[in-house]
Protein chains: 2
Amino acid sequence: MPRWESDAQGRLERAALELFETQGYERTSVAQIARTAGLTERSFYRYFPDKREVLFAGHEIEAHLVGQVEAADPGLRPLEALLTALRTADEVFRSREFLLRRVRVIAASPALAERDLIKLAHIAEALVPALGRRGVQPDKARFIIDVAMAVSRRATSRWLADPDAAFSELVAQAAAELCEVAAPPAPTVR
Amino acid sequence: MPRWESDAQGRLERAALELFETQGYERTSVAQIARTAGLTERSFYRYFPDKREVLFAGHEIEAHLVGQVEAADPGLRPLEALLTALRTADEVFRSREFLLRRVRVIAASPALAERDLIKLAHIAEALVPALGRRGVQPDKARFIIDVAMAVSRRATSRWLADPDAAFSELVAQAAAELCEVAAPPAPTVR
DNA sequence: TCAATGACAACAGATGCTGTCATCACATAG
DNA sequence: CTATGTGATGACAGCATCTGTTGTCATTGA
């Protein structure tokens, strides 16, 4: 018989999401999360460096994107490599049910929304060396990645709103929008 | 004779920048900043909602961009309106000297780097209604703004590195790079 | 059998941030 | 000249986040 319940981290994550949903992020204390999960406040900080991180653990998406970019056809141009990687990113998403709860909680709290931005920025930084291995200079790589992130945000936003769209399709659609937005205007012939 | 020194907020800002430079952000306490500026900790929080904000007060750039976009030629396409507004953004920059100190301090502290991201995100959100008045739907507007922010980051990065380049030129250069990156590859004829 | 290890609790403390009330120079009215 | 209000600040108390440290007790393995 184990002395402690197993999966302490998972219990903390579930307790936190539940409490954030019902009382809001600001009004739930770390001590309360820990109590709900059957642990002490001090133990919480053994699993997560700070209160916000309880909703942001894991680097699956970053790892997936970096891996896909590094494995992409060397003939692809950088932006295409990024968008190709993005098209399969939904494979590492968890259930939409879970994602929706999480997105709602994050949107409701400035502190969590900030943490979301930081995670995106970290993904962007992690992709710089991946493009570097394809011969792109760091500053230029960061620029291309920022453009890809804009496409990603556009696709993700649509994906969350539209329950049944294929993520891959939405990425392609956003990429088409990018061309349309960025292209110099066709000379208007009168 | 005034009872207190004037420009309490400015004194706090200067003391904070100085202390962050010499000891780092984490290792300087709010009480220390306030003492250095000849005030109490409590007074610090009357001027700034939290410790990080002492380096981020003011909304001049956001106001400038929103104003310029709203005043732009209605015939311009949305991205062009944004980039045109961006070209004159350096008018509200303070001295490069001050900006460089600030950028270095921000880059040295994760907490401040985060705050920087949030400020950019707020600018992006503030621009959505400005494009809305030009007939662009919110989600699409946000997408175009994200693309413009990528261009802005590219130009700003070059501007900080190159002491004498005209900001307006760097924006134009980054915009050209955008076309090149986003354009579908020219069909290779063999 | 027993030492090492790992998972956790217990406690203390620094710091960030907030609420509340007192204080005191200054302005203005009477 | 006095009274009264106003606005900036200090003083103090308190909660929450986060960290350092140490003790406890199963489990593991020699």
Side-chain angles (χ1 to χ4, degrees), chain A residues 1-57 105-106 108-116 118-119, chain B residues 1-57 105-106 108-116 118-119:
Chain A
M1 224 178 170
R3 182 175 177 194
W4 293 285
E5 300 291 320
S6 62
D7 192 23
Q9 176 163 340
R11 271 152 49 214
L12 286 169
E13 286 172 1
R14 288 187 290 275
L17 182 58
E18 191 76 24
L19 289 169
F20 292 167
E21 275 176 335
T22 56
Q23 343 174 351
Y25 172 82
E26 318 282 351
R27 278 182 300 277
T28 102
S29 74
V30 173
Q32 189 182 7
I33 299 169
R35 267 198 315 271
T36 306
L39 296 172
T40 63
E41 179 183 344
R42 193 67 189 87
S43 291
F44 178 97
Y45 287 105
R46 290 203 179 81
Y47 290 98
F48 306 101
D50 61 63
K51 182 179 166 183
R52 299 179 301 176
E53 276 296 310
V54 73
L55 285 191
F56 293 91
V105 169
I106 290 174
S109 155
L112 293 175
E114 294 181 9
R115 184 60 188 80
D116 209 28
I118 296 148
K119 189 152 189 174
Chain B
M1 251 251 100
R3 182 177 177 191
W4 295 284
E5 301 290 322
S6 63
D7 192 22
Q9 176 163 340
R11 272 152 49 215
L12 286 169
E13 287 172 1
R14 287 187 291 275
L17 183 57
E18 191 77 23
L19 290 169
F20 293 168
E21 276 176 333
T22 57
Q23 340 174 353
Y25 173 81
E26 317 283 350
R27 279 183 300 279
T28 100
S29 72
V30 173
Q32 189 181 6
I33 299 169
R35 268 199 314 270
T36 306
L39 295 172
T40 62
E41 180 182 347
R42 194 66 188 88
S43 291
F44 178 96
Y45 288 105
R46 291 203 177 84
Y47 289 99
F48 306 100
D50 60 65
K51 182 180 169 185
R52 299 179 302 175
E53 276 297 309
V54 73
L55 285 191
F56 293 91
V105 169
I106 291 174
S109 156
L112 292 175
E114 294 180 8
R115 186 58 187 81
D116 209 28
I118 296 147
K119 189 154 189 172

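Labels below follow one simple rule: chain letters A, B, ... track the order of the sequence lines, proteins then strands, and each chain is numbered from 1. Below, each value reflects all heavy atoms present in this structure, side chains not excepted, and no hydrogens, waters or symmetry copies.
For D/dT9, neither phosphate oxygen OP1 nor OP2 lies less than 4.0 angstrom from any side-chain nitrogen or oxygen of B/S43. For B/Y45, a side-chain nitrogen or oxygen approaches OP1 or OP2 of C/dC17 to under 4.0 Å.
Nearest heavy-atom pair across A/F48 and A/E53 is CD2-O, 3.8 Å. B/E41 and B/A31 get closest at one heavy-atom pair: OE1-CB, 3.9 Å. Closest of all the heavy-atom pairs between A/I33 and A/L19 is CA-CD1, 3.8 Å.
Here the nucleotide nearest the side chain of A/D50, chosen from D/dT9, C/dG16, D/dC18, is D/dC18. Among the nucleotides C/dC21, C/dC8, D/dT17, the one closest to any side-chain atom of A/A8 is C/dC8. The listed nucleotides are D/dA11, C/dA9, D/dC18; the one nearest the side chain of B/T40 is D/dA11.
Straight-line distance from the CG atom of A/L39 to the C1' atom of C/dA9: 10 Å, rounded to whole Å. Between the CD atom of B/Q32 and the C1' atom of C/dG16 there is a distance of 15 Å, rounded to whole Å. In this structure, CG of A/L12 is placed 13 Å from C1' of C/dA7, rounded to the nearest angstrom. Spacing between atom CD of A/Q9 and atom C1' of C/dA7 amounts to 14 Å, rounded to whole angstrom units. Between the CZ atom of B/R42 and the C1' atom of C/dA22 there is a distance of 14 Å, given to the nearest Å. Between the NZ atom of A/K51 and the C1' atom of C/dG16 there is a distance of 13 Å, given to the nearest Å. When the C1' atom of D/dC15 is taken as reference, atom CD of B/E41 falls 14 Å away, rounded to whole Å. One interatomic measurement links the two molecules: CZ of A/F44 to P of C/dA10, which rounds to 18 Å at whole-angstrom precision.
Between the side chain of A/S43 and the backbone N or O of A/L39 there is no donor-acceptor pair closer than 3.5 Å.
Note that A/K51 lies outside the cation-pi zone of A/Y45, set by a 6.0 Å cut-off to the ring centre and a 45° limit from the axis.
A donor-acceptor contact under 3.5 Å links the side chain of B/R46 to the base of D/dG10.
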